[in-house]
Amino acid sequence: MRTVDCDFLVIGSGLAGLLAAHHLAPHGRVLVASKRDLAESNTNYAQGGIACAIAPGDTIESHVEDTLSTGGGLGHEAAVRSILSDGPARIRELEALGISFERREGSGEEYDLGHEGGHSRRRVLHAGDITGQELIRVLLDVVANRPGITLCPNWMAIDLVTTGWLRLPGTDRCVGAYFIDRASGEIVAVRAGWTVLATGGAGKVYLYTTNPDVATGDGVALGWRVGLPVRNMEFVQFHPTCLYHPQAKSFLVSEAVRGEGGMLFSDAGERFMPRYDARAELAPRDVVARAIDHEMKKRGDPCVYLDITHKSADFLVNRFPNIYARCLKLGIDMARDRIPVVPAAHYCCGGLEADPSGRTALPGLFAVGEVACTGLHGANRLASNSLLEAVVCSRNAAVAIAAERQAAGVPAPVAIPDWASGDAVPSDEAVVVEHNWNEVRTCMWDYVGIVRTNKRLERALRRIRNLRAEIRQYYKQYLVTPDVIELRNLAAVAELIVRSAMQRTESRGLHYSLDYPAVDESVPGADTVLRDPPGGPIVAP
Ligand code: FAD
Ligand code: SIN
């Protein structure tokens with residue numbers, strides 16, 4: 001087994017990981033490991049943009065209010081205030097690195113701001129409708145040219161290594177991680193003074209999602225396996241408008257389209273949103289996704305329709321070039337046709353408990369971006385707040401780590417034992433992995449979706465636990481492969497979502513239960529926190 005040393009290990013190369021690496025580089029050797037191509041990440045598909053109270057007339061206070069109100073009473077006010085207040089300075093920093101946010105034509109310096117659900121005003125900075133792609137393009141260029149940063153694409157983290165697991169004396173601390181190099185199949189141990197988990201979300205836990213294949217919840221599973229508390233996993237955000245077309249896998253139609261006046265219609269031609277909420281199509285996502293779900297189920301329709309045909313082709317091509325082109329390729333001309341859409345799993349509001357600096361309960365380990373739960377989103381994320389959170393918290397983490405390093409120096413590296421494969425043999429049963437993968441995702445879609453019941457959650461828990469037992473056996477019996485690692489993580493995260501949902505005996509934000517349809521006002525601000533001993537729950541499946 002190869003062992004590689006660095007001062008700072010960053011796992012993930014989305015917005016949070018790349019910025020953490022950029023800010024850490026002046027303080028020591030950085031290694032960025034990412035499980036596929038460096039660009040492949042949720043960030044790369046972000047469309048709407050970054051919410052930030054930066055325009056004249058807007059205030060941090062108004063952004064804080066919208067965030068807390070969308071968060072259904074679970075947002076942590078101090079974290080919300082701290083993250084949002086830092087926004088304008090971090091946006092200027094991104095611009096200095098070379099990101100250019102769109103400005104209004106003929107207005108000189110004024111930003112062209114998008115409007116999205118839950119915001120009381122236009123507040124979303126964007127680069128056309130490919131904001132994420134632009135961020136990744138510029139930041140990959142920045143880190144690739146930065147001395148002191150080593151980039152390791154196709155390195156997938158298998159598990160974190162802690163001094164507790166190594167049975168070393170003293171306070172438990174994260175000292176690195178094991179990886180599998182997808183190109184060679186080789187196992188590599190990385191030893192690091194500090195590890196930053198920036199592994200993103202878990203949309204692939206559901207059958208239908210806007211997320212790319214890399215979003216399998218690895219970071220949450222890694223942290224949970226070393227005993228870290230996991231918070232608010234029941235709050236899975238379903239985006240209301242994923243393109244419904246047999247040839248369109250996971251393609252999002254940005255909320256910004258509704259921000260420009262897009263309206264939702266049922267198959268029968270009724271504009272239904274005003275019946276559900278005074279804010280109609282610009283109500284927060286939980287409200288819009290639930291309304292669509294209800295309309296589709298009530299009428300037995302496979303989708304609803306998004307109509308922006310009142311805007312000219314010129315406007316649409318200019319404002320939504322990517323969405324326009326993609327729809328057109330599939331035979332849908334946004335300027336003339338209604339766009340068929342359905343809700344799909346989009347964002348994981350829960351995650352590893354962390355503060356706005358990404359600090360977790362395990363010394364040496366920071367978690368930033370979608371993998372973390374900082375308290376910003378509460379029970380429902382305000383649109384376009386996640387890119388901002390990734391930008392602010394990754395820099396905070398780097399500052400906190402640099403301060404720790406300056407105060408105490410880099411901890412001496414510890415010996416990491418060779419990866420033990422025991423009697424494992426190469427698998428000749430890939431079909432089992434494929435089958436279990438589909439079963440987890442179908443089970444979560446059918447039983448733990450937008451509307452939940454006790455009975456469905458109990459059924460899901462039984463099934464997921466059976467699958468996890470099978471996966472555990474498989475994991476022991478056969479040599480690890482990236483597919484098995486992802487399946488193991490996917491199933492672990494599925495169980496965490498179900499168990500969290502079972503603990504919440506009310507409906508709040510993104511968690512809606514037919515058995516408890518109202519908010520329980522006697523538990524204001526109550527987060528769901530699961531903390532199992534390292535290795536998982538003691539209760540056998
Ligand atoms: P990611 O960008 O997902 O990066 C995670 C990285 O970790 C990837 O490089 C991945 O390969 C790597 N990784 C994962 N597991 C491992 C492992 N085991 N080992 C090594 N590497 C690993 N938010 C907004 O605020 N505004 C928007 O407009 C917006 N639009 C969106 C549109 C779409 C289609 C999607 C899917 C999301 C959107 N979001 C948006 C959400 C936002 O993009 C994400 O929450 C954010 O980009 C997360 O950034 P991140 O750096 O935490 O994770
Ligand atoms: C979108 O463009 O609709 C996505 C915005 C987000 O997820 O915040």
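Whatever order the structure lists ligands and atoms in, that order sets their numbers, starting from 1.
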Go through ligand 1 atom by atom and flag the ones less than 4.0 Å from a non-hydrogen atom of [X].
X    : answer
A157 : 17 (C), 18 (N), 19 (N), 20 (C)
G200 : 3 (O), 5 (C), 52 (O), 53 (O)
G48  : 28 (O)
D218 : 15 (N), 16 (C), 17 (C), 18 (N)
S34  : 9 (O), 11 (O), 12 (C), 20 (C), 21 (N)

Under 4.0 Å, counting heavy atoms only: does [X] come that close to any atom of ligand 1?
X    : answer
R182 : no
W155 : yes
T131 : no

Are the charged groups of [X] and [Y] less than 4.0 angstrom apart, N to O?
X    : Y    : result
E40  : R182 : no
R225 : D159 : yes
R359 : E353 : no
R103 : D112 : no
R258 : E116 : no

Examine the proximity of ligand 1 to [X] and report which part, side chain or backbone, both or neither, has a heavy atom under 4.0 Å away.
X    : answer
Q47  : backbone
L387 : both
E116 : neither
H346 : side chain
N385 : backbone
S254 : neither
I11  : side chain
T210 : both

Among all protein heavy atoms, pick out the one at the shortest distance from [atom]; state its residue, atom name and that distance to 0.1 Å.
atom                    : answer
atom 41 (C) of ligand 1 : S386 OG, 3.4 Å
atom 14 (C) of ligand 1 : T199 O, 3.3 Å
atom 5 (C) of ligand 2  : R285 NH2, 3.0 Å
atom 10 (C) of ligand 1 : E40 O, 3.9 Å
atom 2 (O) of ligand 2  : S254 OG, 2.7 Å

Provide the number and element of each atom of ligand 2 under 4.0 Å from a heavy atom of [X].
X    : value
E255 : 1 (C), 2 (O), 3 (O)
S384 : 5 (C), 6 (C), 8 (O)
A383 : 8 (O)
E116 : 5 (C)

Exercise. Does ligand 2 have any atom sitting under 4.0 Å from a heavy atom of L252?
Worked result: yes
For this session: Determine, using heavy atoms of H346 and all atoms of ligand 2, whether some pair is separated by less than 4.0 Å.
Result: yes
Problem set entry | Validation row, ring centre W445 to ring centre Y208 under 6.0 Å | yes
Exercise. How about F251 and H245: are their ring centres within less than 6.0 Å of each other?
Worked result: no
For this session: State whether the shortest distance between N or O atoms of L15 and N or O atoms of ligand 1 falls below 3.5 angstrom.
Result: yes
Exercise. Is the shortest N/O to N/O distance between Y347 and ligand 1 below 3.5 Å?
Worked result: no
Checking the N or O distance criterion of under 3.5 Å, is ligand 2 in contact with [X]?
X    : value
H239 : yes
A256 : no
S386 : no

Short question: side chain of [X], backbone of [Y] - any donor-acceptor pair under 3.5 Å?
X    : Y    : answer
D307 : R338 : no
H126 : L113 : no
E389 : L376 : no

For this session: Using the salt bridge (charged side-chain N to carboxylate O under 4.0 Å, His left out) rule, take R123 and D66 through it: C-alpha gap first, then chi angles, then the decisive distance, then the call.
Result: CA-CA 11 Å; R123 179 180 287 140; D66 291 349; 2.9 Å; yes
Exercise. Y206 ring centre to R441 NZ or CZ under 6.0 Å, with the angle to the axis within 45°?
Worked result: no
For this session: Might you work through the salt bridge (charged side-chain N to carboxylate O under 4.0 Å, His left out) test for R290 and E295, ending with a clear yes or no?
Result: CA-CA 9 Å; R290 246 189 329 268; E295 288 295 314; over 6 Å; no
Seminar exercise, completed: Ranking A46, P153, A372, A202 by closest non-hydrogen atom to atom 29 (C) of ligand 1, top hit is A46
For this session: Compare G14, C393, G49, G114 and give the one whose heavy atom is closest to atom 27 (C) of ligand 1.
Result: G49
